[in-house]
There are 2 protein chains.
Amino acid sequence: MADSARRTGRPRSAAADRAILDATRSALAELGWSGLTMGDVAMRAGVAKTTLYRRWTNKSEMVVDAVAVLFDELELPDRGSLRADVEGVVLSFAALLERPEAKTALMAVVAEATRDEALRARIRTAIVERQKHLVVTGRRRAQARGELPPDAPGPEGTAAADRAADLIFDVIAGAVLHRSLVSAQRVTPAWARALTALLLHGLSPAGPAAEPAPDGSGGA
Amino acid sequence: MADSARRTGRPRSAAADRAILDATRSALAELGWSGLTMGDVAMRAGVAKTTLYRRWTNKSEMVVDAVAVLFDELELPDRGSLRADVEGVVLSFAALLERPEAKTALMAVVAEATRDEALRARIRTAIVERQKHLVVTGRRRAQARGELPPDAPGPEGTAAADRAADLIFDVIAGAVLHRSLVSAQRVTPAWARALTALLLHGLSPAGPAAEPAPDGSGGA
DNA sequence: GCTTTTCGATACGGCTCGTAGCGTAACTCA
DNA sequence: TGAGTTACGCTACGAGCCGTATCGAAAAGC
C-alpha cells in the first residue's frame with residue numbers, strides 16, 4: 001500500500017489480494033458485517049490470517065477496499081435527456097444497494113468512520129469522489145442539450161459548478177440510500193420517476209419565480 | 001415491552017430503564033458503536049448485565065431505543081415560509097447528526113438492520129414514522145399559505161399526499177445524512193440554502209413546463 | 001403468607017481479535 | 001551462486017466480549 005517502489009524481498013501476492021477481497025465480499029453477502037470475521041475471510045481466501053493483517057490494519061479498511069469496486073460498476077449511458085439520465089442512475093444505484101454485501105458494508109463502515117478520520121478519508125477517496133464524475137458528466141451533457149444553463153466563466157463559476165455537483169450528488173445518493181436502507185422501502189421505477197420530477201422541477205408549482213428569493217445566492 | 005398488563009410479580013424498574021438508556025447514550029458518545037459493550041453499559045447504569053438482557057434481545061435493539069428519543073427533539077416551528085421551514089429543519093437535523101452518539105448509532109443500527117427484519121421494523125416505527133409528521137405539517141402549512149397546491153380530494157388524493165410526504169422526507173433526511181456522514185462534509189447554512197432552493201425550484205431553470213412529461217404521474 | 005416476577009451477583013463456554021514466533025518461499029542484488 | 005530482505009503459512013496465545021445459567025434476595029398482588 002505505502003511504497004509501490006519496494007525493490008527487495010518477496011513481493012506481495014496479487015492473487016492473494018484478489019482472493020481476499022473476493023472472499024470478503026462473499027462473506028459479507030452471506031454473513032453480513034457483524035458476522036464477518038477475519039479468520040473466516042482468511043479461510044475462504046485460502047490464506048493465513050496474518051496475511052490479512054499485513055495489508056490492512058482494520059476490518060473496516062479491508063471492507064472499504066472490497067466494496068469500493070462494486071461502486072465502479074455504476075455507469076451513466078446517455079439516455080437522451082436529463083430526466084432519463086437521472087432516472088437511470090437512481091435505479092442503478094438502488095440496484096447496487098440491493099446487493100447484500102453492498103448495503104451491509106456501506107452503512108457499517110460509515111458508522112465506523114464517524115470515529116476514525118483515516119477511514120473517513122478512505123471512504124471519500126475510494127467511493128465518494130470516485131463516483132462524483134457521474135454527476136459531472138450528466139450535468140455537462142444536460143448543459144450541452146440546453147436543459148441546464150451553462151456554468152459562469154472564470155474560477156468563480158467553476159467553484160459554483162463544483163458545489164452544484166456536490167449538492168446533486170448528496171441529494172440523489174442520499175435519497176436513494178435513505179429510502180432503501182433507513183425507510184426500508186423498495187426503490188420502484190415509479191418512485192424513481194417521482195424523485196426525478198421533484199429534482200427537476202421542485203416543489204413550487206410556478207417555478208423559480210414563485211417566491212422571490214431574499215438573497216441572490218440560491219442557484220444550485 | 002410486551003405486556004403492560006402484567007399484574008403479578010415485581011414490576012420492572014422504570015429507574016433502571018432510564019439509567020440504562022442514559023448510560024447507553026453516554027457510552028456511545030465516548031466509545032462509539034464498536035466500543036460499546038453490554039457489560040460497560042450495565043456498570044455505568046448501576047445494574048446487572050442480566051437486567052439489560054431481560055429488556056432487549058440485542059445490542060442493536062437497545063441502541064435504537066436509546067437513540068430514538070434524540071430524534072424526538074426535532075421540531076418544526078412556523079418560520080413563516082416554506083423556504084424558511086425547510087432550511088430550519090435541515091439545520092436542525094444536521095445539528096442532531098453532529099452529536100457523536102446519534103451518528104455512530106444511527107448508521108450502525110441501519111447496517112445491522114439490513115439482515116434483521118425485526119430491527120428494520122423497530123427503526124421504522126421508533127424513528128422514521130415518528131418523525132414523518134414534520135414533513136406532513138410543513139407541507140400542510142405551505143398549502144395553507146398557498147405555496148403548494150392543495151391535495152386532490154378523495155382516497156386517491158390522500159395516497160398521493162402520503163407518497164409525496166414520504167418522498168420529501170427521504171430526500172431531505174437522505175441529503176443531510178449523505179452530506180454529513182458519507183461525504184463527511186459539514187452542513188453549513190449556505191449548503192442548507194442551496195439544498196432548499198434546489199428542493200423548491202428544481203434543476204430546470206424554466207419550471208415544470210420546461211420538458212413535457214411523457215406520463216402524467218410525475219407530481220410530487 | 002404464598003405466588004410470581006424482577007433484580008444483583010457470579011460464573012461459564014464459546015468465540016473473536018490482534019500479535020508473536022517459527023521455518024519456508026520468492027525475489028533482488030552483488 | 002549466495003547473501004540479504006521481505007512475504008507467506010502455520011500454530012499458539014492472552015485478552016476481551018457475548019449471551020446464558022444459576023442462585024438467593026427483593027418487591028409486588030392475591
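Naming: A, B, ... by sequence-line order, numbering from 1 per chain.
- Cation-pi check for B/Lys59 over B/Trp33 is met; the charged atom lies under 6.0 angstrom from the ring centroid and within 45 degrees of its normal.
- Between the CG atom in B/Leu97 and the CZ atom in B/Phe93 there is a gap of 4.0 Å [rounded to 0.5 Å].
- Counting to the nearest Å, the P atom of D/dC17 and the CG atom of B/Asn58 are 18 Å from each other.
- In this structure, A/Arg44 contributes its side chain and A/Asp22 its backbone to no donor-acceptor pair below 3.5 Å.
- Taking atom CG of residue B/Leu52 and atom C1' of nucleotide D/dT20, one finds them 14 Å apart after rounding to whole Å.
- Comparing C/dC7, C/dC17, D/dG19 by their closest approach to the side chain of B/Arg12 singles out C/dC7.
- The backbone N or O of A/Tyr53 sits nowhere less than 3.5 Å from a side-chain atom of A/Thr57 that would complete a donor-acceptor pair.
- To the nearest 0.5 angstrom, B/Glu112 atom CD is 4.0 Å from A/Ser34 atom OG.
- Contact check on A/Arg55 versus A/Asp65 returns no salt bridge, with no Lys/Arg side-chain nitrogen under 4.0 Å from an Asp/Glu carboxylate oxygen.
- Not one N or O on the side chain of A/Thr104 forms a donor-acceptor pair closer than 3.5 Å with the backbone of A/Pro100.
- Residues from residues 111-119 of chain B that place a heavy atom under 4.0 Å from any atom of DNA chain C: there are none.
- Salt bridge present: A/Arg122 and A/Glu61 bring a charged side-chain N and a carboxylate O closer than 4.0 Å.
- Going from atom OH of B/Tyr53 over to atom C1' of C/dG8 covers 16 Å, rounded to whole Å.
- In this structure, the side chain of A/Arg179 does not engage the main chain of A/Ala184 through any donor-acceptor pair within 3.5 Å.
- A salt bridge between B/Arg115 and A/Glu30 is absent, with no side-chain N of the basic residue lying under 4.0 Å from a carboxylate O of the acidic one.
- Checking the phosphate oxygens (OP1, OP2) of D/dC8, a side-chain nitrogen or oxygen of A/Arg55 falls inside 4.0 Å.
- Note on A/Thr50: a base of the nucleic acid sits closer than 4.0 angstrom, heavy atoms only.
- No donor-acceptor distance shorter than 3.5 angstrom exists from the side chain of B/Thr51 to the backbone of B/Val47, with no hydrogens or angles considered.
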Would you be so kind as to tabulate the donor-acceptor pairs closer than 3.5 Å made by side chains of residues 163-171 of chain A, with sequence neighbours excluded?
unit_1   : atom_1 : unit_2   : atom_2 : d
A/Asp166 : OD1    : A/Lys132 : NZ     : 2.9
A/Asp170 : OD1    : B/His178 : ND1    : 2.8
A/Asp170 : OD1    : B/Ser183 : OG     : 2.7

- Task: Between protein and nucleotides 25-30 of chain D, map the contacts as a letter string: B base, S sugar-phosphate only, - none, heavy atoms under 4.0 Å, written 5' to 3'.
- Result: -BBSS-

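- Overall bending of the helix from C/dG1-D/dC30 to C/dA30-D/dT1, expressed as the angle between end axes built from five pairs apiece, is 20° (10° steps).
- Under 4.0 angstrom from either OP1 or OP2 of C/dG8 there lies at least one side-chain N or O belonging to B/Thr51.
- How far CG of B/Leu96 is from OG of B/Ser180: 9.5 Å, rounded to the nearest 0.5 Å.
- A donor-acceptor contact under 3.5 Å is not formed by the side chain of B/Lys49 with the base of C/dG8.
- The interatomic distance linking A/Glu61 (CD) with C/dG18 (P) rounds to 12 Å, in whole Å.
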Would you tabulate the side-chain donor-acceptor contacts of residues 72-79 of chain B under 3.5 Å, counting partners in other chains and residues two or more places apart, or write 'none'?
unit_1  : atom_1 : unit_2   : atom_2 : d
B/Asp72 : OD1    : B/Arg130 : NE     : 2.9
B/Asp72 : OD1    : B/Gln131 : NE2    : 3.0
B/Asp72 : OD2    : B/Arg130 : NE     : 3.1
B/Asp72 : OD2    : B/Arg130 : NH2    : 3.1
B/Glu73 : OE1    : B/Arg99  : NH1    : 3.2
B/Asp78 : OD1    : B/Gly80  : N      : 2.8
B/Asp78 : OD1    : B/Arg145 : NH2    : 2.7

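- The stretch residues 22-48 of chain A touches DNA chain D through A/Gly46, A/Val47, A/Ala48, each having a heavy atom under 4.0 angstrom from the strand.
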